[in-house]
Every structure is written in C-alpha cells, then in structure tokens.
Amino acid sequence: MRELKGSSLEERDRISQFIQAFQRDNIDFLEGIREEAQKEAVPIIRDETAALLRVCLEMKKPKSILELGTAVGYSGLLMLDSLKGKTKLCTVENFPERIIKAGENFAKSPYNSAIRLLEGDGGEILERLVKEREHFDFVFLDAAKAQYPLWLPKILELLNPEGVLFCDNILQENLLLESRFFVERRQRTIHKRMREFLWMLKENPELENSIIPIGDGVSISIKKS
Ligand SMILES: C[S@@+](CC[C@H](N)C(=O)[O-])C[C@H]1O[C@@H](n2cnc3c(N)ncnc32)[C@H](O)[C@@H]1O
C-alpha cells in the first residue's frame with residue numbers, strides 16, 4: 001500500500017511539472033508576492049490550480065467573488081488580475097500576521113478599492129454575510145479544510161443561481177483515497193470531514209459538480225438556476 005502511494009505521488013509531481021511547463025508566467029507584481037509567500041512558507045495556491053481558477057473566472061466573469069482563506073492576498077489579487085478589476089472581492093482571513101501582509105499587498109496593487117478584507121473566523125463571517133444579505137457569483141474556498149462541510153450550507157445561501165463554488169485541497173495529498181482504517185489518528189478528522197463535504201456536494205440536487213485531480217485536488221460546483 002505504502003509503495004503504491006509513493007509511486008503515485010512521484011507520478012503526480014511529474015504531471016504537475018509537465019503542466020506547469022506550459023503555463024504562462026505571472027505578471028511581475030504577482031510573481032513578487034508568490035515568491036515572498038513561498039520564502040515565508042505561507043501556503044498559497046499551486047500554479048496549475050491557479051491556471052484552472054483563471055480559466056473558470058474567464059468563463060464565468062463574476063461580478064462578485066467571496067474568498068475564504070486570504071493568506072497574504074496572492075490568490076485574491078490573481079483573481080482580480082484575471083478579471084482586470086471589473087469584479088469586487090470579499091476575502092476572509094483569521095491569522096493576524098497574514099491579515100497585515102495581505103492589507104499591504106492589496107494597498108500596493110491597482111485593485112485595492114475593489115477589495116473588502118474581512119478579519120476573523122470564516123464560519124462567523126459567513127453568518128454575518130448571510131445576515132447582511134450579501135450574494136456572490138463565485139466562491140473560492142481555501143481555508144480551514146475541516147470546516148468545509150460545516151460552512152457549505154451558508155456558502156450555498158450566499159451563492160447566486162448559476163454561481164460557481166471552487167474548492168482547493170479536496171484530495172489532501174491523496175489521503176482521501178485511503179480507507180479510513182489506514183488513516184493515522186491525527187488525520188482522521190480531516191479525512192472524515194472532507195469525505196463528508198464531497199458527499200454533501202454529490203447529494204445536493206442544486207449542484208452540478210466535478211472533482212479534478214489537479215494540484216491537491218479541486219472541486220468545481222455550479223449552483224443550478
Ligand atoms: C491555503 S491558505 C490560503 C491561500 C490563499 N488562498 C492563496 O492561494 O494565496 C489558507 C488560509 O486560511 C486561513 N484560515 C484557516 N482557518 C481559517 C478560519 N477558520 N477562518 C478564516 N481563515 C482561516 C489560514 O490562516 C490561511 O492563511
């Protein structure tokens with residue numbers, strides 16, 4: 001079992017490198033943020049996942065985006081850069097140092113006036129946004145992975161009909177493929193919650209879903225009108 005997992009990881013890295021070789025470079029401003037984030041070990045979206053996200057945004061052309069998991073603002077700015085500032089971004093982060101850095105990166109960007117940076121726990125902020133009757137055309141879910149099934153009902157309330165929900169790290173380094181009996185104790189919660197999340201997507205008649213094994217696994221769902 002271990003051996004098989006090891007070789008499939010190697011294969012996945014080869015596929016990632018191959019895909020990345022055919023991707024366009026970032027503009028300098030974004031590349032600077034990406035490099036600094038990597039140096040500081042801030043987890044940010046992988047390049048091949050970012051390319052898929054850009055394509056989805058180009059297809060959907062959302063007027064409003066909700067992002068859960070700002071980190072230092074890299075993916076938020078990447079999304080606004082794709083749409084050339086014709087979109088409003090509401091982005092949520094709870095880690096104080098990252099909030100400060102994201103604020104600085106946003107302020108230096110051409111998109112600062114299009115961004116609402118909300119500080120605090122994603123679950124609480126989702127509730128607040130529902131109370132404020134906010135709605136979004138596109139949600140990028142990239143924060144506390146174990147919270148995904150708990151946050152999903154609120155996210156779907158906030159999503160407009162024909163809106164898109166794009167979730168990263170769905171496969172958790174392929175942990176999700178393992179039977180729960182093979183999963184180490186410390187990983188059991190994330191394994192259980194992420195599988196539960198995928199079942200919730202599958203069972204929801206409002207949604208059309210696709211799970212894509214790119215990067216760390218992405219799910220894309222459309223809320224049917
Ligand atoms: C993978 S990073 C986001 C990366 C970012 N989307 C990018 O690609 O540039 C996930 C972020 O979610 C934040 N986070 C984790 N749990 C959270 C919660 N309950 N509420 C808000 N943010 C949370 C973490 O602090 C972290 O910065």
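Just so it is clear, the structure is predicted and the values come from calculations on it, not from any experiment. Quick note: residue numbers are just sequence positions, from 1.
- Shortest non-hydrogen contact noted between Leu57 and Leu83 is O-CD2, 3.6 Å.
- Each of Arg54, Lys60, Lys61 was evaluated against Glu58; a single residue qualifies, Lys61, per the salt bridge (Lys or Arg N to Asp or Glu O under 4.0 Å) test.
- Remark: the Asp121 side chain and the Asn94 side chain contain no N/O donor-acceptor pair separated by less than 3.5 Å.
- Side chain of Ser219 to backbone of Ile211: no donor-acceptor contact under 3.5 angstrom is found.
- Put simply, the side chain of Asp142 does not reach to within 4.5 Å of the side chain of Thr70, judged on heavy atoms.
- Closest approach of Glu48 and Gly215 over heavy atoms only: OE2-CA, 3.6 Å.
- A side-chain donor-acceptor contact under 3.5 Å links Glu93 to the backbone of Ala71.
- Across all their heavy atoms, Leu158 and Leu126 have their closest contact at CD1-CD2, 3.5 Å.
- Electrostatic pairing of Lys39 and Glu36 does not count as a salt bridge here, judged by no charged N lying under 4.0 Å from a carboxylate O.
- Under the 4.5 Å side-chain criterion, counting only non-hydrogen atoms from C-beta, Leu89 is not in contact with Tyr111.
- Between Ala143 and Tyr148, the closest heavy-atom pair is O-CE1, 3.5 Å.
- We find the CD1-CD1 distance between Ile19 and Ile214 to be 4.5 Å, quoted to the nearest 0.5 Å.
- Interatomic distance, Leu53 CG to Phe138 CZ, rounded to the nearest 0.5 Å: 5.0 Å.
- Evaluated for a side chain to side chain contact (heavy atoms under 4.5 Å, CB included) with Leu68, the options Val92, Thr91, Ile125 yield exactly one hit, Val92.
- The closest side-chain heavy-atom distance from Phe140 to Ile45 is below 4.5 Å.
- A side-chain N or O of Ser75 and one of Glu67 form a donor-acceptor pair less than 3.5 Å apart.
- Of the residues Leu171, Thr49, Ile170, Leu52, the one that meets the side chain to side chain contact (heavy atoms under 4.5 Å, CB included) test with Ile212 is Leu52.
- Just one of Lys88, Arg128, Arg116, Lys154 meets the salt bridge (Lys or Arg N to Asp or Glu O under 4.0 Å) condition when paired with Glu134; it is Arg116.
- Residues passing the ring-ring contact (aromatic ring centres under 6.0 Å, His included) test with Tyr74, sequence neighbours excluded: none.
- The nearest pair of heavy atoms linking Asp137 to Pro62 is CB-CB, 3.6 Å.
- For the side chain to side chain contact (heavy atoms under 4.5 Å, CB included) with Arg195, the lone residue among His191, Lys192, Arg193 that qualifies is His191.
- Residues Glu206 and Lys224 have side chains not in contact (no heavy-atom distance under 4.5 Å, counting atoms from C-beta outward).
- For the residue pair Leu118 and Cys90, the shortest heavy atom distance occurs at CD1-SG, 3.5 Å.
- Applying the salt bridge (charged side-chain N to carboxylate O under 4.0 Å, His left out) test to residues at least two apart or on different chains, none of the pairs has a partner in residues 155-171.
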